[in-house]
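Just so you know, residue 1 is the first one in the sequence shown, and it goes up from there. Everything numeric here is computed off the predicted structure, so don't read it as measured data.
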Amino acid sequence: MRISLKLKTILGVALIEATLLALLLTTTFNLLTNLVNDAVVKRANTTANLFYSTTKNAFLSFDLAGIEADVNELLTDSDIHYVKITDTSGRVFASGGNEQSLNSDFQADTSVSLASDGIYDIRRPIMVDDTLYGYIDLGIDIAAVKASLSDIQQWAYTIAVIEMVLVALFSYFLGSYLTKQINILQQGARRLIQASKENKYEDIKVNVRTNDELEELATVFNHLISHLEEEHIRRAEAENAIHNLNQSLEYRVRERTNELNRKNEELSQSNKSLKETQQQLLQAEKMSSVGQLAAGVAHEINNPVGFVSSNLDTLKEYLASFEILYRDLMEVTQAPTNEVALEKLAALKNSQAYQSLDFISNDVSHLIKESEHGLQRVEEIVSSLKQFSRIDTDQKQLFDLNNCVKTTLALVNNKLKYACDVDINYDELPRVMMNVGKISQVITNLLINAAQAIEETGRRGKLEVRTRANSNGTVELIVRDNGCGISDENLQKIFNPFFTTKDEDTGTGLGLSISYEIAREHEGMLSVESELYTGTEFTLTLPVYGAA
């Protein structure tokens with residue numbers, strides 16, 4: 001169905017006006033309702049608290065005459081619909097006000113909107129030293145407040161309707177004016193279409209005199225007609241030249257396209273083969289790392305799980321003691337007389353379970369904290385394994401290199417703790433666009449190689465791990481060990497694929513080569529400095545996201 005511009009203008013302006021009015025009315029009504037609700041709730045609480053402070057002592061001393069006088073004095077306020085004072089068993093000490101409300105079941109209100117009967121009900125407990133003795137029930141008449149709020153809403157809706165009518169009239173006249181001028185341009189456009197088919201551009205210009213943007217649009221339209229007439233002449237001349245040129249170009253383009261397609265197909269096959277080979281090598285190195293870490297990870301998980309299980313057994317024993325105390329306490333509360341209750345209470349206090357209550361209460365908190373720490377350790381290991389498993393994807397994300405180092409250290413902790421002491425120093429780093437799994441693989445290779453280099457010395461060594469941010473828009477991870485070091489001859493070949501100085505069962509010769517390629521893939525660099533019998537330092541450099 002076709003909708004005219006005039007109708008669109010009316011509907012558009014009306015929709016905008018209706019939306020703004022709806023937002024204004026909704027915001028105003030919500031604010032007004034909240035203000036009224038806050039005022040009523042504040043007054044109700046203040047009245048209840050003042051009456052509580054007045055009648056508390058009379059209630060506790062059973063001064064019924066004093067309570068009755070206080071009730072009558074409170075009812076002199078015309079807004080107080082009813083008041084009732086009861087003890088915890090429901091016995092009424094004093095009451096006054098509307099009989100129907102006094103005889104109805106009490107239901108406390110938390111807001112004005114819930115007081116559908118026009119009465120805001122509030123209950124104030126009478127307590128001394130955390131002991132409840134009774135209640136003060138009050139009902140405040142808010143019918144006038146709700147009626148005033150309703151009147152305000154009715155007036156607001158009436159004004160909104162009047163404003164919508166005025167806007168609709170304005171939209172109608174505006175739409176009529178615009179439609180008339182646009183019809184002139186529309187007729188000119190139709191004549192232009194016909195002229196373009198016949199290549200005759202005489203007497204098709206439009207005449208709009210409105211002294212506004214529509215007149216400017218008509219002027220541009222007339223310039224367009226003149227330009228099209230000129231272009232028609234130039235196009236006819238150019239078409240002949242282009243036709244002759246196309247005859248010779250078509251053959252050469254077709255030949256060149258066939259050659260490019262063939263080259264692209266060869267390049268695509270080469271890239272596919274290279275990517276498959278690279279993925280296989282990456283997977284092989286990953287499986288090698290997983291094999292080295294599997295036993296250590298299992299040991300790291302088994303330790304916290306073991307003491308969590310032990311803590312649960314202890315908690316079961318404590319729970320049994322609490323069940324005994326609960327059973328004895330129930331016997332005290334269900335005793336037929338006070339004398340029997342006192343005897344059972346004395347026996348309860350002398351019981352072993354009661355004597356151990358303080359110790360158990362303190363130890364339970366300690367056991368729970370230990371268990372939480374153990375489970376948190378397991379969670380860290382599992383999280384590290386999840387991150388390590390992302391190496392099979394090519395997705396990159398903004399990530400903190402410090403967090404990557406922390407999770408990797410948690411994963412290889414069992415490999416490091418028996419070989420060396422780890423000194424960690426984290427600098428505050430900006431985020432880096434990285435493949436978290438692949439960078440974790442690089443860090444894993446560097447840490448395991450450092451541990452193995454230290455183990456070859458036959459003594460416990462030291463491993464330094466630190467990060468830092470550089471002023472040139474890069475971040476660095478530095479891994480330094482005091483292990484056996486690397487000779488100058490081997491240092492030149494350290495990043496070559498399949499080069500290794502380790503036993504065949506220990507290394508594949510791919511770890512550092514793959515790590516070097518991963519660094520280059522992230523537009524970074526992996527460098528090494530080493531001195532034989534002194535130690536080795538690897539530096540992983542990555543660019544900061546968004547750095548120039």
Side-chain angles (χ1 to χ4, degrees), residues 24-160 333-334 338:
L24 178 61
L25 290 176
T26 301
T27 303
T28 303
F29 290 159
N30 287 339
L31 179 59
L32 185 60
T33 301
N34 290 335
L35 289 174
V36 171
N37 183 73
D38 291 343
V40 171
V41 171
K42 182 176 181 181
R43 186 198 169 184
N45 288 330
T46 302
T47 303
N49 289 332
L50 289 175
F51 187 67
Y52 165 77
S53 62
T54 302
T55 60
K56 174 183 175 181
N57 293 331
F59 176 82
L60 296 175
S61 62
F62 292 95
D63 184 3
L64 299 181
I67 296 174
E68 190 68 30
D70 293 336
V71 168
N72 291 332
E73 182 179 353
L74 180 62
L75 289 174
T76 58
D77 189 340
S78 59
D79 289 338
I80 304 301
H81 189 66
Y82 72 89
V83 60
K84 180 169 63 176
I85 303 174
T86 62
D87 59 11
T88 55
S89 62
R91 185 175 53 182
V92 178
F93 276 51
S95 63
N98 186 272
E99 291 296 332
Q100 183 178 356
S101 299
L102 290 172
N103 296 327
S104 300
D105 292 336
F106 180 81
Q107 183 67 39
D109 296 319
T110 57
S111 67
V112 173
S113 59
L114 296 178
S116 57
D117 57 354
I119 305 301
Y120 185 84
D121 301 301
I122 183 171
R123 168 168 285 180
R124 176 64 164 89
I126 302 174
M127 302 184 67
V128 177
D129 297 333
D130 297 331
T131 301
L132 179 64
Y133 289 95
Y135 303 98
I136 296 174
D137 296 339
L138 283 175
I140 299 177
D141 190 351
I142 60 171
V145 174
K146 299 188 72 173
S148 298
L149 186 60
S150 177
D151 290 341
I152 293 173
Q153 292 177 341
Q154 291 297 327
W155 273 105
Y157 287 134
T158 302
I159 294 173
T333 58
Q334 296 173 1
N338 290 337

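Annotation: side chain to side chain donor-acceptor pair (under 3.5 Å) contacts of R123 (sequence neighbours excluded): D137. Residues satisfying the side chain to side chain donor-acceptor pair (under 3.5 Å) test with N45, not counting sequence neighbours, are none. Legend: residues meeting side chain to side chain contact (heavy atoms under 4.5 Å, CB included) with L60, ordered by chain and number and at least two apart, are K56, V128, Y133.
Across I119, I85, I122, a single residue satisfies side-chain contact (heavy atoms from CB on, under 4.5 Å) together with L138, and that is I122.
M127 and Y52 get closest at one heavy-atom pair: O-OH, 3.2 Å. Closest non-hydrogen pair, V41 versus T110, comes out as CG2-O, 4.0 Å. Nearest heavy-atom pair across G97 and L102 is O-CD1, 4.0 Å. Scanning all heavy atoms of the two residues, the minimum distance from S101 to Y82 falls at CB-CD2, 3.5 Å. When all heavy atoms of I136 and F51 are compared, the closest pair comes out as CG2-CD2, 3.6 Å.
Looking at D121 and Q107, their side chains never come closer than 4.5 Å, going by heavy atoms from C-beta outward. Counting heavy atoms from C-beta on, the side chains of V83 and L75 come closer than 4.5 Å. In this structure the side chain of L74 never reaches within 4.5 angstrom of the side chain of L50, judged on heavy atoms.
Counting only residues at least two apart or in different chains, salt bridge (charged side-chain N to carboxylate O under 4.0 Å, His left out) contacts with residues 89-111 comprise D87-R91. Among residue pairs with one or both ends in residues 37-52, those qualifying as salt bridge (charged side-chain N to carboxylate O under 4.0 Å, His left out) are R43-D77, R43-D79; sequence neighbours excluded.
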Show every donor-acceptor pair shorter than 3.5 Å between a side-chain atom in residues 66-73 and any protein atom, with sequence neighbours excluded, or say none if there are none.
{"residue": "N72", "atom": "ND2", "partner": "E68", "partner atom": "O", "Å": "3.2"}

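Rounding to the nearest 0.5 Å gives a distance of 11.0 Å between OH of Y120 and OG1 of T47. Rounding to the nearest 0.5 angstrom, the gap separating the CD1 atom in I126 from the CG atom in N57 is 10.5 Å.
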